[in-house]
Peer 1: 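Mind looking over this structure? Questions follow.
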Amino acid sequence: MIDIKTYIKRGTMIKRSYVVVDNMDEAENMAKRVSCGENLNLKFTTYSIKNRFMQELSIQCPGVVFINCNSSKDKFFNNVYESYNKIIYNNVEKCQDEEILEFINKKRGVFVC
């Protein structure tokens, strides 16, 4: 069960303005925009569309790192500190750790739901 403070923080992050991506062409377009340095908050309607975005971004921006926000705190922070390339914060809406939420809330970057 998630505590109310964590729920509120996660809800606040998700309610930031985000782009709903609901087709493959749009997923490829978002990958191009992110590879050119644009920071976006993205919400994908299906896993296959999200997967297409990740594949396309990996091609256009080799070395990009997708960090799962709902992993354990130790794993999350190890992945962050070991990455030297562009970071994509994945599964933000599933994050339940208050420290992770505080960390990513202070960062500029690409947030994927």
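Because only heavy atoms are used, hydrogens play no part in the values below, and waters and symmetry mates are left out as well, while side chains stay in.
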Peer 1: Membership question, hydrophobic clusters at under 4.5 Å side-chain separation (ILVMFWY): are Val80 and Ile100 in the same one?
Peer 2: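 Same hydrophobic cluster.
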Peer 1: Leu57 and Val110: same hydrophobic cluster, using ILVMFWY side-chain contacts below 4.5 Å?
Peer 2: yes
Peer 1: Compare all side-chain heavy atoms of Asp97 with those of Phe76 and state whether any distance is below 4.5 angstrom.
Peer 2: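 A side-chain contact under 4.5 Å is absent here.
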Peer 1: What closest approach, in Å, do Lys86 and Asn39 show between heavy atoms, and which atom pair accounts for it?
Peer 2: NZ-OD1, 3.9 Å
Peer 1: Within this structure, what is the SG-CG distance for the pair Cys95 and Leu101, rounded to the nearest 0.5 Å?
Peer 2: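 The CG atom of Leu101 is 3.5 Å from SG of Cys95, to the nearest 0.5 Å.
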Peer 1: For the CD atom of Glu38 and the CE atom of Met30, what is their distance to the nearest 0.5 Å?
Peer 2: 7.5 Å
Peer 1: Answer yes if Leu42 and Tyr47 sit in the same cluster of Ile, Leu, Val, Met, Phe, Trp and Tyr residues linked by side chain heavy atoms under 4.5 Å apart, and no otherwise.
Peer 2: no
Peer 1: Knowing that exactly one of Ile49, Asn51, Asn29 qualifies, which makes a side chain to side chain contact (heavy atoms under 4.5 Å, CB included) with Met24?
Peer 2: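 Going through Ile49, Asn51, Asn29 one by one, the side chain to side chain contact (heavy atoms under 4.5 Å, CB included) with Met24 is satisfied by Ile49 alone.
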Peer 1: To the nearest 0.5 angstrom, please state how far the CD atom of Gln60 sits from the SG atom of Cys36.
Peer 2: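 If we round to the nearest 0.5 Å, Gln60:CD and Cys36:SG are 7.5 Å apart.
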Peer 1: To the nearest 0.5 Å, tell me how far Glu28 CD sits from Asn23 CG.
Peer 2: 9.5 Å
Peer 1: Distance only, no hydrogens: is a donor on one side chain within 3.5 Å (strictly under) of an acceptor on the other, for Asn90 and Lys50?
Peer 2: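 Note: Asn90 and Lys50 side chains meet the donor-acceptor criterion.
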Peer 1: State the CD1-CZ distance between Ile67 and Phe77, to the nearest 0.5 angstrom.
Peer 2: 10.0 Å
Peer 1: Kindly compute the distance separating CZ (Phe44) from CE (Met54), expressed to the nearest 0.5 Å.
Peer 2: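 Atom-to-atom, Phe44:CZ and Met54:CE are 7.5 Å apart.
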Peer 1: Quick one: does Asn85's side chain get under 4.5 Å of Val64's, heavy atoms only?
Peer 2: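 Counting from C-beta outward, Asn85 and Val64 never come under 4.5 Å.
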Peer 1: In terms of hydrophobic clusters joined by side-chain contacts under 4.5 Å, are Val20 and Phe53 together?
Peer 2: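 Different hydrophobic clusters.
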Peer 1: Are Val19 and Phe66 connected in the hydrophobic side-chain network, where two residues link if heavy atoms are under 4.5 Å apart?
Peer 2: yes
Peer 1: Applying side chain to side chain contact (heavy atoms under 4.5 Å, CB included) between Val112 and each of Val34, Ile88, Asn68, Leu40, report the one that passes.
Peer 2: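 Exactly one candidate clears the test, Ile88.
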Peer 1: Do you know the tightest heavy-atom contact between Ala27 and Val21?
Peer 2: N-CG1, 3.6 Å
